[in-house]
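For clarity, every value in this text was computed on a predicted model and none was experimentally measured.
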Amino acid sequence: MRSGVRTNPMTVVVVVAMAAVGLILGYLNKARCAVAPFDESGRSTVFDAIKDSSVCYSDIQFLWLGRDIDNHIFPYIHGAINSDGILTGGTVEYPVLSGLLMWLGAIPAHTDAQFLLTSALILAPFGLLTAWMLGRMAGWSALLWSIGPPLVMYAFHNWELPVVAAAVGAIFVMTLPMSLRRRAILASVLLAIGFCLKLYPGAFVLPLIAYVVTGGVDGRESADTVRGRWDIRGGLMVAGAAIGTVVAVNLPFAVLGYEGWRASFTFQSLRQADLTTNSIWYWGLRHFYISDQMTPDAYAEAEASFQNVVDVASPLLVFAAFALALWLGWRRAKLVGTYPWVAVSGSMLCGFMLLHKVHSPQYTLWLLPFLVLLRVPWGLVAAYLLVDLSMGIGVFKYFAALASGADANDEEFFVLVGVWGRALLLVVLFVLFIRTGLRVPSIGETDHRSVTSRRPTATSLTTSSGQ
């Protein structure tokens, strides 16, 4: 809210304290895979034996080996990607700020257990900061972040907590008591930092620009110097701040080690929609290309065709989903008077999670803040958490069953519930986010109910009856 967030301080204390409990439980869960004895490379000898069956796998522990993290090589500068698609010389498959966090976590570590611990100590403050911001903005609803199963399951699965904090920080900044342009520029810088961590927050700059161009709440927050209906200059300033931040963060790596810097993007572009991606592409479209009766040559040809289609269709559909969300936001703005930038950002995220060729379990952490801030029925939230549990536990049990040669039909059922349950709910949320508004309208989007009570026009009456 523009005048500052006013939530009962005790509520915020409880939200943050419960997040601390969730983070501790999350670490203890992953640490079950990181115990002595260790081999000569510093790998816990039980990791490969129990990581799937005990559901304690984490990318943090896994990537101790294979990316020169254990050799404490500064990322990207001396890196590359070889003809087999393997990263070398310190390059990791994430944007540069995540690579820096990985390197920092490895500095004092000599085993994967130590790397998991130091990484958790680096990441945990971001989880607490997110809890504090959500508690300030949404009150008790923020407990969904703090005590929900996803924080325990995924807090230390990968390096997600900093990027979530950056995205939530951008929304929080928009509640501060300062001019629209200044708030939006600060928010765009945070979103750009998020882009340099895990890419997805960069997409939220587009609805933020639309919010500024249309004048903020009810179109009345534009600077006094704006002449006319649209604040084009303000929008350009927001875009410039985001682009400038991304360039400033990435340019040193691109100049000092271009091949290693580019290799991280090349790696992601080469990744295939396989069993590990948990996507609708693998579990849906692939069945139209592959059959059990195929010869090895025919199978290889069909697999290549499938991957080629996904490589084209997935990004095109993601961008189409972004465009649709932005357009729906524009239509919504005509009804309620304010461009719903937070809701549109949430819808864009749903489109990405649904249509991208990779849907890792920990992406649920990206979605949780929008479930906290937006007016989503709690029954729908519970349904998403249930199907997420089905995936988050089922997929590792499925991998364990396949590795052991046991019958995996039951485990596959839970994976399918997770894949298609999430897909269905993401479609619902894509539409619902834009139509419902915020739990705390003063974050920077006027709830249609407050609009209708303040301006009982024919348009507002139509809007009210349409909900």
Side-chain angles (χ1 to χ4, degrees), residues 48-49 51-53 55 57 59 62 66 81-87 93 157-158 265-321 324 350-364 383-384 386-430:
D48 289 325
K51 67 182 190 303
D52 294 327
S53 59
V55 195
Y57 169 88
D59 289 334
F62 176 77
I81 186 169
N82 63 26
S83 58
D84 296 322
I86 298 174
L87 295 170
E93 54 266 51
H157 186 92
N158 198 287
F265 299 98
T266 303
F267 180 92
Q268 292 295 344
S269 67
L270 293 176
R271 186 171 182 182
Q272 297 189 334
D274 58 24
L275 182 62
T276 67
T277 59
N278 313 307
S279 68
I280 60 172
W281 300 103
Y282 178 84
W283 288 103
L285 181 65
R286 187 173 181 271
H287 293 298
F288 293 98
Y289 287 81
I290 306 296
S291 68
D292 295 334
Q293 293 76 33
M294 284 183 167
T295 64
D297 288 343
Y299 177 91
E301 183 178 349
E303 180 70 23
S305 297
F306 163 67
Q307 297 296 341
N308 289 335
V309 169
V310 173
D311 286 342
V312 174
S314 176
L316 284 179
L317 289 175
V318 167
F319 287 127
L324 177 60
C350 289
F352 177 85
M353 292 172 64
L354 174 67
L355 298 168
H356 188 47
K357 62 182 177 181
V358 178
H359 189 156
S360 296
Q362 73 272 10
Y363 291 178
T364 301
Y384 194 91
L386 284 174
V387 297
D388 180 69
L389 278 174
S390 184
M391 168 57 72
I393 297 174
V395 70
F396 293 107
K397 293 291 187 180
Y398 181 56
F399 291 157
L402 292 177
S404 67
D407 178 42
N409 287 334
D410 290 342
E411 291 81 1
E412 183 176 330
F413 169 78
F414 287 104
V415 172
L416 291 173
V417 169
V419 169
W420 297 112
R422 290 187 314 190
L424 174 62
L425 292 172
L426 285 171
V427 172
V428 173
L429 290 172
F430 180 93

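- Heavy atoms only, all atoms of each residue included: A302 and I290 are closest at CB-CD1, 3.7 Å.
- From S314, atom OG reaches atom CZ of F352 across 8.0 Å, with rounding to the nearest 0.5 Å.
- For I280 against L354, the heavy-atom pair with the smallest separation is CD1-O, 3.4 Å.
- Between the CZ atom of F306 and the CH2 atom of W281 there is a distance of 8.5 Å, given to the nearest 0.5 Å.
- Taking OH from Y299 and CD from Q293, the interatomic distance works out to 13.5 Å, rounded to the nearest 0.5 Å.
- Taking both residues in full, the closest heavy atoms of D311 and S269 are given as OD1-O, 4.4 Å, listed atom of the first, atom of the second, then distance.
- The aromatic rings of W283 and H287 lie tilted to each other, with the angle between the two planes from 30° to 60°.
- Around CD of Q268, the count of heavy atoms belonging to other residues, nucleotides or ligands within 6.0 Å exceeds 12.
- For the atom pair T266 OG1 and E93 CD, the distance stands at 12.5 Å (nearest 0.5 Å).
- Between D59 and Y57, the shortest heavy-atom contact is OD1-OH, 2.5 Å.
- A donor-acceptor pair is defined here as one N or O able to donate and one able to accept, closer than 3.5 Å; such a pair exists between the side chain of K397 and the backbone of S53.
- In the displayed structure, Y289 atom OH is contacted under 6.0 Å by more than 12 heavy atoms of other residues, nucleotides or ligands.
- For D84 (side chain) and I86 (main-chain N/O), no donor-acceptor pair under 3.5 Å exists by modelled atom type.
- Taking both residues in full, the closest heavy atoms of L402 and A408 are given as CD2-CB, 4.0 Å, listed atom of the first, atom of the second, then distance.
- Looking only at side-chain heavy atoms (C-beta outward), V310 and Y282 stay at 4.5 Å or farther from each other.
- The local environment of CZ in F265 is crowded, with over 12 non-hydrogen atoms from other residues, nucleotides or ligands closer than 6.0 Å.
- Between S360 and V358 the shortest heavy-atom distance is OG-CG1, 3.6 Å.
- The shortest distance between side-chain heavy atoms of Q272 and K357 does not fall below 4.5 Å.
- Distance check, rounded to the nearest 0.5 Å: OG of S305 to CD of Q307 gives 10.0 Å.
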Show the atom names and distances, to 0.1 Å, of all donor-acceptor pairs under 3.5 Å that link a side chain in residues 409-428 to residues at least two apart or in another chain.
residue: N409; atom: ND2; partner: D407; partner atom: OD1; Å: 3.1
residue: R422; atom: NE; partner: G418; partner atom: O; Å: 3.4
residue: R422; atom: NH2; partner: N278; partner atom: O; Å: 3.2

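- For the residue pair D297 / T295, no side-chain donor-acceptor distance below 3.5 Å is found, with atom types taken as modelled.
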field: Derivation of the side-chain contact (heavy atoms from CB on, under 4.5 Å) call for F399 and L275
entry: CA-CA 9 Å; F399 291 157; L275 182 62; 3.8 Å; yes
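- The NE2 atom of H359 sits 7.5 Å away from the CE atom of M391 when rounded to the nearest 0.5 Å.
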